[in-house]
Amino acid sequence: MNKLLDQTLSNELAKTIKSKAKKPFHNAYKAVLVTEGAKYVQGFLVFVGQPYKPVEHGWIEVNDVIIDPTLPYLQKNPQEFYYFPAQTLSAKKVKAIVEESKEDYPEDDPLPIYGEAPYDYYGDVMLGGQEYLIAYQAAEAKCQEINGLNSEKN
């Protein structure tokens with residue numbers, strides 16, 4: 001299920017687009033616009049250690065390879081990253097959505113994109129719909145597995 005993360009390409013692309021810490025959706029958006037054949041992906045990232053729960057994240061994929069332009073800022077072992085996609089968009093589609101959002105709601109950040117309303121909320125994480133729920137539940141199970149947690153502790 002987990003696609004391969006290309007660390008070299010991730011780091012190179014991060015430099016090319018001048019990625020920023022704590023801006024995974026913006027980094028992924030900038031990356032998809034300059035990477036031929038790439039798709040913009042939103043979902044969840046899971047790794048060993050804090051915060052001991054899935055983290056909303058954005059990255060791009062080219063074929064079956066994950067390229068994460070936020071990788072240089074994550075300060076974790078990339079071999080222990082697990083990506084759970086909830087929504088995948090073509091570069092053309094995500095660009096159109098962002099441009100329309102900026103026009104319609106100039107005061108709001110257009111990213112991340114959550115799909116069609118109504119949105120469902122789970123804890124402190126906003127999820128788009130069924131695909132987000134499925135991705136979140138899979139990510140949560142993996143997080144508990146790799147961190148040795150049981151659901152009563154959370």
Side-chain angles (χ1 to χ4, degrees), residues 1-102 105-106 108-115 122-129 131-149 154:
M1 181 188 148
N2 213 33
K3 296 180 179 181
L4 219 52
L5 171 65
D6 188 319
Q7 294 177 51
T8 303
L9 272 176
S10 296
N11 288 321
E12 287 173 3
L13 190 55
K15 286 180 189 166
T16 300
I17 65 164
K18 296 179 173 67
S19 71
K20 295 182 174 34
K22 299 181 182 178
K23 293 284 190 182
F25 304 108
H26 292 275
N27 294 338
Y29 177 66
K30 287 168 46 179
V32 78
L33 296 179
V34 301
T35 308
E36 192 171 329
K39 296 209 181 287
Y40 171 90
V41 184
Q42 291 181 170
F44 300 94
L45 177 62
V46 170
F47 44 80
V48 174
Q50 292 185 343
Y52 304 112
K53 64 182 180 180
V55 175
E56 280 189 287
H57 198 66
W59 61 92
I60 66 170
E61 293 180 1
V62 179
N63 300 320
D64 284 336
V65 176
I66 293 171
I67 303 170
D68 186 345
T70 310
L71 185 66
Y73 304 102
L74 297 177
Q75 301 177 355
K76 300 274 184 186
N77 179 357
Q79 268 93 35
E80 295 177 348
F81 286 167
Y82 300 91
Y83 292 83
F84 294 86
Q87 182 173 219
T88 302
L89 301 166
S90 69
K92 183 178 178 181
K93 177 89 172 165
V94 74
K95 184 177 183 189
I97 291 169
V98 167
E99 287 175 357
E100 182 180 339
S101 296
K102 283 181 178 178
Y105 307 100
D108 293 336
D109 191 342
L111 296 169
I113 298 164
Y114 288 106
Y122 301 92
D124 60 354
V125 179
M126 186 172 92
L127 306 175
E131 69 280 357
Y132 267 79
L133 176 60
I134 292 166
Y136 183 79
Q137 288 173 337
E140 190 174 45
K142 185 65 172 181
C143 192
Q144 290 172 357
E145 173 195 321
I146 64 174
N147 285 298
L149 302 173
N154 289 351

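All residue numbers in this chain count up from 1 along the given sequence.
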Report task. For Lys142, check side chain to side chain contact (heavy atoms under 4.5 Å, CB included) against everything at least two apart and list the hits. Result -> Val46, Tyr82, Phe84, Glu145, Ile146
Report summary line: Contacts of Asn147 meeting side chain to side chain contact (heavy atoms under 4.5 Å, CB included) (sequence neighbours excluded), chain-then-number -> Val48, Tyr52, Cys143, Leu149
Test your reading of the model: is there a side-chain donor-acceptor pair from [X] to the backbone of [Y], 3.5 Å cut-off?
X	Y	value
Ser19	Pro69	yes
Asn27	Lys20	yes
Gln42	Ile113	yes

If you define the side chain from C-beta out and look only at heavy atoms, does anything of [X] sit under 4.5 Å from [Y]?
X	Y	answer
Leu111	Tyr40	yes
Ile17	Leu33	no
Tyr132	Gln87	yes
Leu74	Asp68	yes

Report task. Kindly assign one of parallel, tilted or perpendicular to the pair His57 and Trp59, based on the angle between their ring planes and the thresholds 30° and 60°. Result -> parallel
Query raised in the report: Parallel, tilted or perpendicular for Phe44 and Tyr136, by the 30°/60° rule?
Result: perpendicular
To the nearest 0.5 Å, what is the distance between [atom1] on [X] and [atom2] on [Y]?
X	Y	atom1	atom2	result
Glu61	Leu5	CD	CG	10.5 Å
Leu71	Leu9	CG	CG	11.0 Å
Thr8	Ile67	OG1	CD1	10.5 Å
Ile60	Lys39	CD1	NZ	11.5 Å

Report summary line: Closest non-hydrogen contact found for Ile66 with Ser10 is O-OG, 4.2 Å
Report summary line: Minimal heavy-atom distance between Lys76 and Gln50, with the atoms involved, is NZ-O, 3.5 Å
Query - Sequence neighbours excluded - side chain to side chain donor-acceptor pair (under 3.5 Å) pairs with any residue from residues 88-98 - result: none
Report task. Give a yes or no on this: more than 12 heavy atoms of other residues, nucleotides or ligands lie within 6.0 Å of atom CG of Asn63. Result -> no
Query raised in the report: Is it true that atom CD of Glu80 has more than 12 heavy atoms of other residues, nucleotides or ligands lying nearer than 6.0 Å?
Result: yes
